[in-house]
Amino acid sequence: MTSTDIRPSTTGERSPGRWIALAVLVLAVLLVAVDATVLGLATPYLSEDLEPTGTQLLWIGDVYSFVIAGLLVSMGSLGDRIGRKKLLLTGAVAFGAVSVLNAYATGPGMMILARALLGVAGATLMPSTLALIRNLFHDPRERSLAIGIWGATASAGAAVGPVVGGFLLEHFWWGSVFLINLPVMVVLVLVGITFLPESKNPAPGPWDLPSVLLSLVGVIGVVYAVKEAAAHGIGAHVLAAAAVGAAALTGFVRRQLTLPKPLLDMRLFHHRGFSGAVLADLLTILGLSGLIFFLSQFLQLVQGRGPLEAGLAELPAAVGSVAAGLLAGTAARRFSVRSVVSGGLGAVGVALASVTLLSRDTGYPLLGAMLLIVGVGAGFAFTVTADVILSSVPQEEAGSASAVSETAYELGTALGIALLGSIITGVYQGFATPAGVPAGTAAAAHQSLGGAVEAAGPLPAGQAAGLVAAAQDAFVEGMRAAAGVGAAVLLAAAVAAWFLLRGQKLEDGAPAHG
């Protein structure tokens, strides 16, 4: 073991420094969470300035997740090898630098590229934070609390992002929402250098570049194929991407089984609790993400709220998630892992089902209650599954295990935006244009809801109101359809978790009931 490894359990020490180190790690989570949520809030302004097509707008939304999903396993494994602190701090600097490129993008193509580069940087952050928690906290109950704080910070970031972003959008241009990453990154690096201990796998083996390329090509190929099939139907290019992706993933798995020190130990999936937790994460975020991505547009472009008001309107989800995340470990030990995870997922599914009742004039009490239930359910489920995943593996493989968890999350995000976003877009584009609207204006209006609001500007008042109302109704109809699909996915995930997590328990807890 190198002198830079931190293994408090071998010394019996519980230094207060581990909590300062945790504070640094949650700053990194905050960085990623804020970035993910402010984009949805800035979308109407970004659409007006950069004038992306509907397809380009979806790419701006999900290319970050595509790239980060393709690289997470590789970056988690790299952190196990070169040191998680080193990778985390390097990634934080890169994340801040690329945020500036996002802020000053001058066209849709440049914005998509900037988001992709941000994905490369983001892939270094999340696996490192969870892996360091695994190595910092060896007492299972302390670790559950640390994971709860980690998850609660992600939720708090999801809340802080829209509120701060809303304030910035009302006073500055849309690019400012990306520049808020910079002060967080500066604090993270300066404090992290001093207080964050290094940890790594003491005998990791080489970092296998062919495995890195196979995982990247495989994940991006499969996700791209799903996205294109959902948006445009199955064509030759979709089949080709799916075939290349599937072949690359098959090659990746086979290569891992033959390497003496694989990038990802496939034996982890033999653990039913590990596999069940990963699957629950994937299905949960798939059901949630596409809807959440479009919620900010609903609040602003359909209900006419300002960006700051829209950000504040989304707060109940974060409040519920923070509270549930801090209580999740205790609840899972008192009852059982599977009851807490399944119950959480079922609650989110029911809340999403209520969105099928949405209309343009739906009052805030229903929206707020739905968001609160979503937050509570997701907070319980995600915190406990993260704990299960980390507890299932030896600490030297914590980076790889964390990366699998984060890959499921990001893959679910990408698939959710692709599938549910494509449902919303498909329903939206079918709306009937009011009589008398010029063909060019109608074509622009059918690209996106933001495009419709923009295109209606020069029209006579009556025509403009009719066009915007038709577009808003179609958007809401699409959201209702997507919410129905999302609810079905979440309820299916709840049932799957009940069976897959049978008998699973958190360390140092009472035996699981039922």
Side-chain angles (χ1 to χ4, degrees), residues 39-58 60-61 162 166 169-170 174 231 290-314 352-368 370-371 417 420-486:
L39 179 66
L41 204 63
T43 296
Y45 299 85
L46 189 148
S47 298
E48 182 181 337
D49 196 12
L50 302 184
E51 299 180 352
T53 64
T55 301
Q56 285 176 323
L57 194 60
L58 280 178
I60 290 170
L169 288 167
E170 289 185 357
W174 60 263
L291 199 67
I292 298 303
F293 180 72
F294 285 90
L295 185 63
S296 290
Q297 293 181 63
F298 171 79
L299 292 169
Q300 292 179 79
L301 297 177
V302 176
Q303 295 204 327
R305 302 174 194 270
L308 179 57
E309 187 186 355
L312 290 170
E314 295 176 23
L352 285 185
S354 73
V355 178
T356 60
L357 306 174
L358 209 65
S359 72
R360 278 197 293 161
D361 304 318
T362 296
Y364 183 71
L366 176 61
L367 281 172
M370 180 271 290
L371 286 167
I417 291 176
L420 301 189
S422 296
I423 290 171
I424 294 174
T425 302
V427 172
Y428 171 79
Q429 290 178 340
F431 77 86
T433 308
V437 175
T441 303
H446 279 78
Q447 286 292 323
S448 67
L449 181 56
V453 173
E454 179 73 12
L459 296 177
Q463 271 191 347
L467 178 62
V468 170
Q472 289 175 336
D473 284 338
F475 185 83
V476 172
E477 188 181 341
M479 279 193 70
R480 286 200 298 262
V485 174

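The chain is numbered in sequence order, starting from 1. Predicted model only: the values in this text are computed from it and were never measured.
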Original post:
Would you say the side-chain atoms of H446 pair up with the backbone N or O of T433, donor to acceptor, closer than 3.5 Å?
Top reply: no

Subject >> Least distance between heavy atoms, V468 atom then A452 atom >> reply: CG2-O, 4.4 Å

Original post:
Can you check whether A313's main-chain N or O pairs, donor with acceptor, with Y364's side chain at less than 3.5 Å?
Top reply: yes

Subject >> Distance, nearest 0.5 Å, that separates CD of E477 from CG of L358 >> reply: 12.5 Å

**OP:** Grab the two heavy atoms, one from A482 and one from I424, that are nearest each other, plus how far apart they are.
**Re:** CB-CG1, 3.6 Å

Original post:
Quick check: does any side chain N or O of Q303 sit under 3.5 Å from a backbone N or O of R360, one acting as donor and the other as acceptor?
Top reply: yes

Original post:
To the nearest 0.5 Å, how far apart are OH in Y428 and CE in M479?
Top reply: 14.0 Å

**OP:** Would you name the heavy atoms of Q472 and L301 that are closest together and state the gap between them?
**Re:** NE2-O, 2.7 Å

Original post:
So, for S359 and R480, which heavy atoms are closest and what is the spacing to 0.1 Å?
Top reply: CA-NH1, 4.3 Å

Original post:
Rounded to the nearest 0.5 Å, what separation is found between the CZ atom of F431 and the CG atom of L467?
Top reply: 5.5 Å

Original post:
Could you walk me through whether L367 and F298 pass the side-chain contact (heavy atoms from CB on, under 4.5 Å) check?
Top reply: CA-CA 11 Å; L367 281 172; F298 171 79; 4.0 Å; yes

